[in-house]
Peer 1: 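The structure's right below; bear with me while I get my questions together.
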Amino acid sequence: MTAANQTGTPTATEANFDGLVGMTHNYAGLAAGNMASQNNAGRISNPKAAALQGIAKMEAVAALGVTQCFLPPQERPAIWILRQHGFTGDDANVLADAHANKPHLLAQCCSSSFMWSANAVTVAPAQDARDQRTHLVVANLKSMPHRAIEPPCTHTILSAVFADRERFVVHQALPSSAQMGDEGAANHTRFFDATNSQQPATHFFVFGIDTANPHRQPKIHPARQTLQASQSVANLLQLDLAQCVFAQQHPDAIDQGVFHNDVVAVGNASTLLYHQDAWLDHDRVMDALAERVGNSFCPLAVSRDELTIAEAVSTYLFNSQLVTTTDGTMTLVCPSEVEHHARARAVAQRIQQDRRNSISRVVYLDVRESMRNGGGPACLRLRVPLAPHSDSAPATKTLQGIHPGCIFNSQRAAQLRAWVETWYPDQLTPEDLADPMLLKRNRDALDALTKQLGLPAIYPFQG
């Protein structure tokens, strides 16, 4: 949808790109510092239910008037990674040997973590970039081996979805060095002042560690995003650094399971909902945001007395989607875990009832399969602000640069639901990951999906 600010100038069209859950969605407990991932390790997963929950979420968000799109799954198991580790023979032998000798590596190669598209890339719309094109920087995800597999295929998929080179630039991931840990849009928020069309947008980058000055860092869990990576991403996005604010996560919050900023903060337009203990140097951060965003900046703080960091992590209140709906107000799309937690629900209701902000509605959705692996509604979607091609062009013109097969609507929802029902298993155990028929079935399903969507060959097995 395209919102209009109070001067009548169209703001960016925001499309929400959800990642489709993969057929090998499973609970292997691979993500250090992600409490849900670790606590549910070894449980039996339900890939079909997970994928259907994701489709239902897209339907619910689209019904709010938000432009909804999606990204196809990646191929798993990542058999090529197993071969790089020395496993040989046909695919069945590779899978069997890996299961017998390196089951943790096999689990990494079967992860469906790409479904959390908030980590896939960081985006800046054309109106913010020097060359007036929308820029997307693929995240390297170097901190977690199971996620570091993703960037090459992510780049291929994004290059197919955003194929119009006059409007889009898809950048490769940053080099995977110790100084360049990048976790994508989960640590980035774009703000703009809806009351002042002349005020440039503000880009808020949150990092876990400054590798040049690492004296403040967590003691238990890794700090995944580096300041140096955030600065490099900002440069690749062709942003004016004067309009960027860089803030460090609080190390104590990371040690309690805040592995990304979107576990303790969510922003939309000029509204920021955040936890009191989200960042170091809180006052400086808020002053910098207020100065750059402008008069309409609306910070909504949640104190530790209202909700502890541990409760924020277990409920994912801040990993909700905050979206602008067709009437110009905002809706907070929460996981059902918030509804079922008295203190988190009370915070959501308090925010909804406070008429000093634009959040007029709270919606609760069931994404339990994703939540058990550590990803809520906001993890499953990538926000892509897309400025109209010209001031006089209708907002829908922007979507012409996006592959039409990946634009979500009721017909596409029915097609995706039928595709999932046809191919996806009801349950997966750790032993199932070594079944060569799972690999074959996954490839057949992805081949059918790309043909259905009209996408080019985007998977290794397609040549």
Side-chain angles (χ1 to χ4, degrees), residues 2-5 7 9-17 67 69 71 117-140 151-152 154-175 180 182-185 187-194 196-205 207 227-246 267 269 292-294 382-404 406-407 456:
T2 292
N5 63 30
T7 65
T9 303
T11 59
T13 299
E14 180 174 282
N16 281 247
F17 277 81
T67 299
C69 303
L71 299 175
S117 58
N119 305 129
V121 62
T122 307
V123 186
Q127 65 196 58
D128 297 355
R130 289 189 297 274
D131 67 356
Q132 296 295 289
R133 291 188 291 174
T134 295
H135 287 255
L136 304 94
V137 179
V138 174
N140 62 26
T154 298
H155 184 270
T156 299
I157 290 173
L158 292 175
S159 296
V161 174
F162 300 95
D164 186 341
R165 294 296 166 258
E166 292 185 0
R167 299 184 184 178
F168 302 106
V169 182
V170 181
H171 298 269
Q172 296 279 1
L174 298 174
M180 291 293 173
D182 178 26
E183 299 282 314
N187 291 321
H188 168 261
T189 308
R190 177 183 183 266
F191 296 103
F192 61 90
D193 184 350
N196 183 1
S197 63
Q198 303 305 311
Q199 181 81 2
T202 299
H203 289 260
F204 183 40
F205 293 89
F207 61 94
L227 170 61
Q228 289 69 25
S230 295
Q231 292 170 332
S232 294
V233 168
N235 282 322
L236 286 171
L237 294 174
Q238 297 199 6
L239 299 176
D240 179 356
L241 294 184
Q243 287 303 124
C244 296
V245 175
F246 298 89
R292 287 166 178 78
V293 176
L382 171 70
R383 303 176 74 152
V384 181
L386 300 163
H389 193 59
S390 67
D391 289 343
S392 61
T396 53
K397 183 178 178 67
T398 311
L399 297 179
Q400 293 176 6
I402 297 172
H403 191 282
C406 293
I407 298 174

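Scope of the values below: all heavy atoms of this structure, side chains included, with no hydrogens, waters or symmetry mates.
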Peer 1: Rounded to the nearest 0.5 Å, what's the gap from OG1 on T154 to CD on Q172? Could you check?
Peer 2: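 Here the interatomic distance stands at 10.5 Å.
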Peer 1: Would you compute the distance between atom CG of N235 and atom OG of S230 and round it to the nearest 0.5 angstrom?
Peer 2: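 Rounded to the nearest 0.5 Å, the CG-OG separation comes to 11.0 Å.
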Peer 1: List in chain and number order the residues that pass salt bridge (charged side-chain N to carboxylate O under 4.0 Å, His left out) with D240, two or more places apart in sequence or in another chain; answer none if no residue qualifies.
Peer 2: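 Partners of D240 by the salt bridge (charged side-chain N to carboxylate O under 4.0 Å, His left out) criterion come out as none, since no residue qualifies.
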Peer 1: Name all residues meeting the ring pair (Phe, Tyr, Trp, His ring centres under 6.0 Å) criterion together with F162; count only those two or more places apart in sequence or in a different chain, and write none if there are none.
Peer 2: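 Applying ring pair (Phe, Tyr, Trp, His ring centres under 6.0 Å) to F162 gives F17, F168.
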Peer 1: One pair to check against side-chain contact (heavy atoms from CB on, under 4.5 Å): V161 and L71. What are the steps and the verdict?
Peer 2: CA-CA 8 Å; V161 174; L71 299 175; 4.1 Å; yes
Peer 1: Could you check whether any side-chain N or O of E183 sits under 3.5 Å from a backbone N or O of N119, counting only pairs where one atom can act as donor and the other as acceptor?
Peer 2: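 It does not hold such a pair.
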Peer 1: For F205, which residues count as a ring pair (Phe, Tyr, Trp, His ring centres under 6.0 Å) partner, sequence neighbours excluded?
Peer 2: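 So F205 forms a ring pair (Phe, Tyr, Trp, His ring centres under 6.0 Å) with H188, F246.
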Peer 1: Calculate, to the nearest 0.5 Å, the distance between atoms OG1 and CZ belonging to T189 and R383 respectively.
Peer 2: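 If we round to the nearest 0.5 Å, T189:OG1 and R383:CZ are 7.5 Å apart.
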Peer 1: For residues H135 and A129, report the shortest heavy-atom separation together with the two atoms involved.
Peer 2: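 Taking every non-hydrogen atom into account, CD2-CB, 3.7 Å.
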Peer 1: Please round to the nearest 0.5 Å and tell me the distance separating atom CG of L239 and atom SG of C244.
Peer 2: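 One finds 4.5 Å between CG of L239 and SG of C244.
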Peer 1: List for me each residue that meets side-chain contact (heavy atoms from CB on, under 4.5 Å) alongside P404, sequence neighbours excluded, and say none if there are none.
Peer 2: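 By the side-chain contact (heavy atoms from CB on, under 4.5 Å) rule, P404 matches no residue at all.
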Peer 1: Determine, stepwise, if the pair D128 / R190 fulfils side-chain contact (heavy atoms from CB on, under 4.5 Å).
Peer 2: CA-CA 10 Å; D128 297 355; R190 177 183 183 266; 2.6 Å; yes
Peer 1: Pair V384, I402 - check side-chain contact (heavy atoms from CB on, under 4.5 Å), show working.
Peer 2: CA-CA 11 Å; V384 181; I402 297 172; 5.9 Å; no
Peer 1: Restricting to non-hydrogen atoms, name the atom on S232 and the atom on L174 that form the minimum distance, rounded to 0.1 Å.
Peer 2: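 Heavy atoms only, the tightest pair is CB-CD2, 3.9 Å.
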Peer 1: Considering non-hydrogen atoms only, spot the tightest contact between P385 and V123 and give its length.
Peer 2: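 That closest heavy-atom pairing would be CD-CG1, 4.0 Å.
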Peer 1: State, with a plain yes or no, whether a side-chain heavy atom of N140 is found less than 4.5 Å away from one of P175.
Peer 2: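 No, every pair of side-chain atoms sits at 4.5 Å or beyond.
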Peer 1: Short question: side chain of S117, backbone of L382 - any donor-acceptor pair under 3.5 Å?
Peer 2: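 Pair found, side chain donor or acceptor close to backbone of L382.
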Peer 1: Minimum heavy-atom separation for A160 and P456, please, with both atom names.
Peer 2: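 Smallest interatomic distance, heavy atoms only, reads CB-CG, 3.9 Å.
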Peer 1: CZ of R165 to OG of S159: how many Å apart, nearest 0.5 Å?
Peer 2: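 Taking CZ in R165 and OG in S159, the distance rounds to 5.0 Å.
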Peer 1: So how far is it from Q127 CD to L386 CG, rounded to the nearest 0.5 Å?
Peer 2: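 One finds 10.0 Å between CD of Q127 and CG of L386.
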Peer 1: Start with the C-alpha distance between N187 and D182, add both sets of side-chain angles, then the distance that settles side-chain contact (heavy atoms from CB on, under 4.5 Å), and finish with yes or no.
Peer 2: CA-CA 9 Å; N187 291 321; D182 178 26; over 6 Å; no
Peer 1: Going by the angle between their ring planes, with limits at 30° and 60°, are F191 and F204 parallel, tilted or perpendicular?
Peer 2: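 Tilted, since the angle between the ring planes falls between 30° and 60°.
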Peer 1: For R133, check salt bridge (charged side-chain N to carboxylate O under 4.0 Å, His left out) against everything at least two apart and list the hits.
Peer 2: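 For R133, the residues satisfying salt bridge (charged side-chain N to carboxylate O under 4.0 Å, His left out) (neighbours in sequence not counted) are D131.
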Peer 1: Could I get the full list of ring pair (Phe, Tyr, Trp, His ring centres under 6.0 Å) partners for F207, not counting sequence neighbours?
Peer 2: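 Result, ring pair (Phe, Tyr, Trp, His ring centres under 6.0 Å) vs F207: none returned.
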Peer 1: Ignoring hydrogens and angles, tell me if any N or O in the side chain of H155 forms a donor-acceptor pair with the backbone of A173 under 3.5 Å.
Peer 2: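 Pair absent, no side-chain N/O of H155 close to backbone of A173.
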Peer 1: Taking the side chain as C-beta and beyond, is there a heavy-atom pair between H203 and Q243 under 4.5 Å?
Peer 2: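 The answer is no; the side chains never approach within 4.5 Å.
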